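Report on the following structure.
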Amino acid sequence: MVRAAAALLLALAGPAEAQECRLALVLALDVSSSVDAAEDVLQRDGLAAALTAPEVRAAFLAADLPVALAIFEWSGRYNQQLLLDWTLIDDDARLFAAADRLARSSRHADDSPTALGHALGYGAGLLARAPDCLFETIDVAGDGVNNEGFPPAAAYRHFPLADVTVNGLAIGDAEAGGLPGYYRAELIGGPRAFVEVAADFADYERAMRRKLLREVAATPVGKRREAP
């Protein structure tokens with residue numbers, strides 16, 4: 001079912017001879033001061049487990065064109081750290097290696113504020129040197145609102161994000177008017193953008209599995225990077 005759906009989406013998107021991959025996916029992890037050491041471990045281990053869950057692995061490998069994956073952690077305006085540079089996920093071995101690298105990583109800072117706009121800017125910079133893919137998505141996970149530097153709205157004005165889907169994973173504060181509402185109003189953007197909610201960091205793996213399945217298996221139709 002997943003393979004058939006992916007093949008149909010690619011067919012509808014048009015010829016892909018010039019593309020190396022169907023999706024350039026940037027995953028961004030919050031390591032601001034509101035995330036303690038135990039929560040940071042839950043986040044890294046949870047993402048590694050979500051990436052290698054059977055249904056997520058099947059979605060990554062469901063079409064001939066692979067997904068290109070990059071992962072970074074973010075907090076304050078000057079605190080972004082690349083954890084995984086662009087990797088074409090074209091078999092199980094590469095996906096497991098990416099997950100293992102993430103699980104073995106450790107945060108580079110734990111005392112910085114939450115600079116969501118700067119995280120989006122860093123993600124846009126990664127996409128600027130991504131492999132040539134049909135679609136582009138930035139996946140931002142976090143547990144708080146922007147409290148340093150320029151806001152997400154400024155990032156949308158000043159970085160090339162017009163054709164990029166930005167999704168959010170709001171951790172905690174699950175009331176409709178809380179963090180999920182803020183993410184919907186201020187963070188997400190682009191075709192079919194959505195917010196997934198994790199009740200807390202212990203719920204992160206479950207929420208990330210759901211989020212990755214939507215991003216990887218249901219690439220939006222109608223937006224396609226033009227061949228050079």
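Remember, predicted model here, so these are calculated numbers, not experimental data.
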Spatial distance of atom OG1 (Thr114) from atom CH2 (Trp74) [nearest 0.5 Å]
5.5 Å

Side chain Tyr182, main chain Gly144, donor-acceptor under 3.5 Å:
no

Salt bridge Glu55-Arg209, side-chain N to carboxylate O under 4.0 Å
yes

Can you see which heavy atom on Cys21 is nearest to which on Leu88, and at what distance?
CB-CD2, 3.9 Å

Does any part of the side chain of Asp139, heavy atoms only, come nearer than 4.5 Å to the side chain of Met208, both counted from C-beta?
yes

Hey, are the side chains of Leu23 and Cys133 touching, using non-hydrogen atoms and a 4.5 Å cut-off?
no

Minimal non-hydrogen separation, Ser32 against Pro113, with atom names
CB-O, 3.4 Å

Looking at Arg107 and Asp110, is any side-chain nitrogen of the basic one under 4.0 Å from a carboxylate oxygen of the acidic one?
no

In short, Ala70 meets Leu126 closest at the heavy-atom pair CB-CD1, 4.4 Å

Would you say Arg104 has more than 12 foreign heavy atoms packed within less than 6.0 Å of its CZ?
no

Do Glu205 side-chain atoms and Phe201 backbone N/O form a donor-acceptor pair below 3.5 Å?
no

To the nearest 0.5 Å, tell me how far Leu25 CG sits from Thr87 OG1.
11.5 Å

Between Gly117 and Asn146, the two heavy atoms sitting closest are N-OD1, 3.5 Å

Would you check if Leu102 and Ile71 make a side-chain contact, meaning some heavy-atom pair closer than 4.5 Å?
yes

Membership question, hydrophobic clusters at under 4.5 Å side-chain separation (ILVMFWY): are Leu187 and Val31 in the same one?
no

Contact check, side chains of Phe72 and Leu84, non-hydrogen atoms, under 4.5 Å:
no

In terms of hydrophobic clusters joined by side-chain contacts under 4.5 Å, are Val164 and Ile188 together?
yes

Smallest separation among heavy atoms of Asp143 and Tyr183, with atom names:
N-OH, 4.2 Å

Kindly indicate whether the side chain of Leu51, heavy atoms from C-beta on, has any atom under 4.5 Å from the side chain of Leu212.
yes

Backbone of Ala153 reached by a side-chain donor or acceptor of Glu186 within 3.5 Å:
no

Nearest 0.5 Å, what's the CG-CG distance between Asn147 and Leu116?
8.5 Å

Separation of Tyr122 OH from Phe159 CZ (nearest 0.5 Å)
12.5 Å

Is any side-chain N of the basic residue among Arg129 and Asp85 closer than 4.0 Å to the acidic one's carboxylate O?
yes

For residues Val166 and Leu120, determine if any side-chain heavy atom of one lies less than 4.5 Å from a side-chain heavy atom of the other.
yes

Nearest-0.5 Å distance, CG of residue Asp91 to CZ of residue Arg57:
11.0 Å

Does Arg210 CZ have over 12 foreign heavy atoms under 6.0 Å away?
no

Under 4.5 Å between side-chain heavy atoms, hopping through other hydrophobics if needed: is there a path connecting Val26 to Leu82?
yes

Working note: Glu215 + Asn167, criterion side-chain hydrogen bond (donor to acceptor under 3.5 Å, both in side chains); need CA distance, chi angles, decisive distance, verdict.
CA-CA 9 Å; Glu215 291 166 336; Asn167 297 324; 3.0 Å; yes

Cation-pi check for Phe135 against Arg22: NZ or CZ below 6.0 Å from the six-membered ring centre and within 45 degrees of the axis, yes or no?
no

Could you tell me whether the side chain of His118 reaches within less than 4.5 Å of the side chain of Tyr78, counting heavy atoms only?
no

If Ile, Leu, Val, Met, Phe, Trp and Tyr residues are connected whenever their side-chain heavy atoms lie under 4.5 Å apart, and connections chain through other members, are Val67 and Phe96 in the same group?
no

Modelled atom types, side-chain donor and acceptor of Glu73 and His108, under 3.5 Å:
yes

Quick check: do Leu161 and Ile138 have side-chain heavy atoms less than 4.5 Å from each other?
yes

Heavy-atom pair of closest approach, residues Ala202 and Leu42:
N-CD1, 3.9 Å

Cut-off 3.5 Å, side chains only: do Asn79 and Ser112 have a donor facing an acceptor?
yes

Could you state the interatomic distance from OG (Ser106) to CZ (Arg44), rounded to the nearest 0.5 Å?
6.5 Å

If you group Ile, Leu, Val, Met, Phe, Trp and Tyr by side-chain heavy-atom gaps below 4.5 Å, do Val140 and Phe150 land in one group?
yes

